[in-house]
Peer 1: 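Take this structure, written in structure tokens, and hold onto it; I'll ask about it next.
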Amino acid sequence: MSMNKVAHPYLIGYRTILAKEVRRFMRIWPQTILPPAITTALYFVIFGKLIGSRIGPVAGFGYIDYIVPGLILMAVISHSYANVVSSFYSTKFQRHIEELLIAPLPSWIILAGYVSGGVARGLVVGVVVTLVSACFVELSVFHWPLVIAVVFLTAILFAMAGFINAVFARTFDDISIIPTFVLTPLIYLGGVFYSVDMLPPFWQGVSLFNPMLYMVNALRYGMLGVSDIESSSALVIIIVFIGLLGAAALWLLHKGVGIKS
Amino acid sequence: MIPALAVEGLKKTYATGVEALGGIDLRVEEGDFYALLGPNGAGKSTAIGIIASLVTKSAGRVAVFGHDLDDDWRAARSTIGIVPQEFNFNVFEPVEEILINQAGYYGIARERACQQAEKYLRELELWDKRRTQARDLSGGMKRRLMIARALVHEPRLLILDEPTAGVDLEIRHAMWEFLQRRNREGTTIILTTHYLEEAESLCRRIAVIHQGRIVEQGGMRELLARTHGEHLVLSLTGTLEVAPVLKGFRCELVDPVTLEVQLPTGMGINALFAALSAVGIEVLSMRNKHNRLEQAFLQLLRENSVDEHE
Ligand SMILES: Nc1ncnc2c1ncn2[C@@H]1O[C@H](COP(=O)(O)OP(=O)(O)OP(=O)(O)O)[C@@H](O)[C@H]1O
Ligand SMILES: [Mg+2]
């Protein structure tokens, strides 16, 4: 490729949004990168060392090893979501969304830019949590492509969900309602800390309606080679959700819901 | 010739039910320096918001240099530069980054974006502040930042919504010169302002919008020529107890040494002074009560006011 080749304007616009998003979360790293490192370390000390040593092996793995994939994915989910919801909400709130709306950029580039920013934060935090984990356990990877696909697609999915939350948010409180009352419970009940085999049959059945269960288990399979469910169904579910949320987000942006009067 | 801006039947009713625009038509030729005037709440910012793709219109069409804002939005948006009424940049971003990012949104590659940012930061005397976070700028600097940002992609049509609000006299004059130079170099400029002397000295054409409708549109000179009469304020050397009765002039005594006189169209000032001398009134100094555009403007609003209960 020649050096003089000019990139497509959309590509330049996309890169500008992404770079701005990455700079934003890097600039405020004590709020964005540091906390997950600390919480993960605490999880390992408490659940892994103190309590985990009294729990017998789960699915043939030490308890501490068993919870690693779930902890990583939990961090990826909450941070890709948090990045987009707070960044896009404050863009709306401070009105500099107008800088994007007046520009010759289509909605899908704006969406792609913000979602990529969320994915970037999810991945950075995911790596940080993985590094912290490596201090406590010996990490293994059973199936690299699956690990990469699950982490990446999950980050995209929750970045999009964060975007939709931001579109509807009218106050700063609105950006924490979903994470507190929906995401966190679903993650905790999604088998991060236990195998659904441990549940009574009724609750096993209910758990199957929790999408997080599929994601956590798919990553666990990718890392440990054990899972409560079939990994391919997890990927299908994530991709279907990405399609649905992506279409919704695009439609909202196109209509200007929450951003144009 | 293709106009820089053509607006037809533009209507806007907000979700609150407020009808901000009741169907306006505007035509701004390439190279014009155009004033969009009107009292608070007239609908100026709404019209600009629609042209800027920030507000969704209820009806009508907008074309910029022949590019329809709906069908050919990429080309249309690329040619417009907007300076909004309210500050709308990220206050935590450094000044330079705001400009470089905006250029990026217009598809300008990083290297040229940096050059453009430097060019306009220097022109608007913000270069020393390039690393400052936008929230630490003064009000006047923030206005200039928005002008610089509106120019990074070299728009052919520049629309400024009250660019000189809250700007000191010296900087205001510098801004005027800057805009005039820009206009001479070929940029079409549309401006709203509540400082009518600003519009009078800068703009060649004008539209007055009132309660969401255009009540006057045309050349500045023609409009001023049609204003009936002037309102003069005279300071007197002596004191008066009642206003004198002068044939052909309406006089009003503001205080014992200040007299206001309405000068009918076509009547010279000499006639007024002759009449005053005849009754022994000596004038120390004289000024216009309003400047001419102000007078024309107030007159238009009076003639076109629609009461709540029509
Ligand atoms: N986002 C909005 N939602 C509802 N009503 C609005 C909105 N923005 C403006 N309006 C209303 O629309 C009308 C026109 O407002 P606009 O801001 O266009 O006036 P303007 O001519 O720019 O006034 P000013 O000189 O004060 O800036 C006003 O009655 C205003 O209250
Ligand atoms: Mg306004």
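Here is the naming used below: chain letters follow the sequence lines, and residue numbers restart at 1 for every chain.
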Peer 1: Please classify the contact of B:A52 with chain A as side chain, backbone, both or neither, using a heavy-atom distance under 4.5 Å.
Peer 2: both

Peer 1: Between these two chains, chain A and chain B, I want each donor-acceptor atom pair under 3.5 angstrom written on its own line with its distance.
Peer 2:
residue, atom, partner, partner atom, Å
A:K20, NZ, B:Y105, OH, 3.4
A:R23, NE, B:E97, OE2, 3.0
A:Q94, OE1, B:V91, N, 3.0
A:E98, OE1, B:N88, ND2, 2.7
A:E99, O, B:Q102, NE2, 3.0
A:E99, OE2, B:R149, NH1, 2.7
A:L101, O, B:R77, NH1, 3.3
A:A103, O, B:R77, NH1, 2.9
A:K260, NZ, B:S53, O, 3.3
A:S261, O, B:K12, NZ, 3.3
A:S261, O, B:T56, N, 3.1
A:S261, O, B:T56, OG1, 3.1

Peer 1: Does atom CZ (A:F93) have a neighbourhood of more than 12 heavy atoms from anything else shown, all under 6.0 Å?
Peer 2: no

Peer 1: Does B:I2, at its CD1 atom, have more than 12 non-hydrogen atoms belonging to other residues, nucleotides or ligands within less than 6.0 Å?
Peer 2: no

Peer 1: With a 4.5 Å cut-off on heavy-atom pairs, point out which of A:G13, A:A19, A:A103 contacts chain B the most.
Peer 2: A:A103

Peer 1: Which atoms of B:I80 come close to chain A, meaning under 4.5 Å heavy atom to heavy atom: side chain ones, backbone ones, both, or neither?
Peer 2: neither

Peer 1: Evaluate side-chain contact (heavy atoms from CB on, under 4.5 Å) for B:I108 paired with A:I12, printing each intermediate quantity in order.
Peer 2: CA-CA 7 Å; B:I108 297 170; A:I12 295 175; 5.8 Å; no

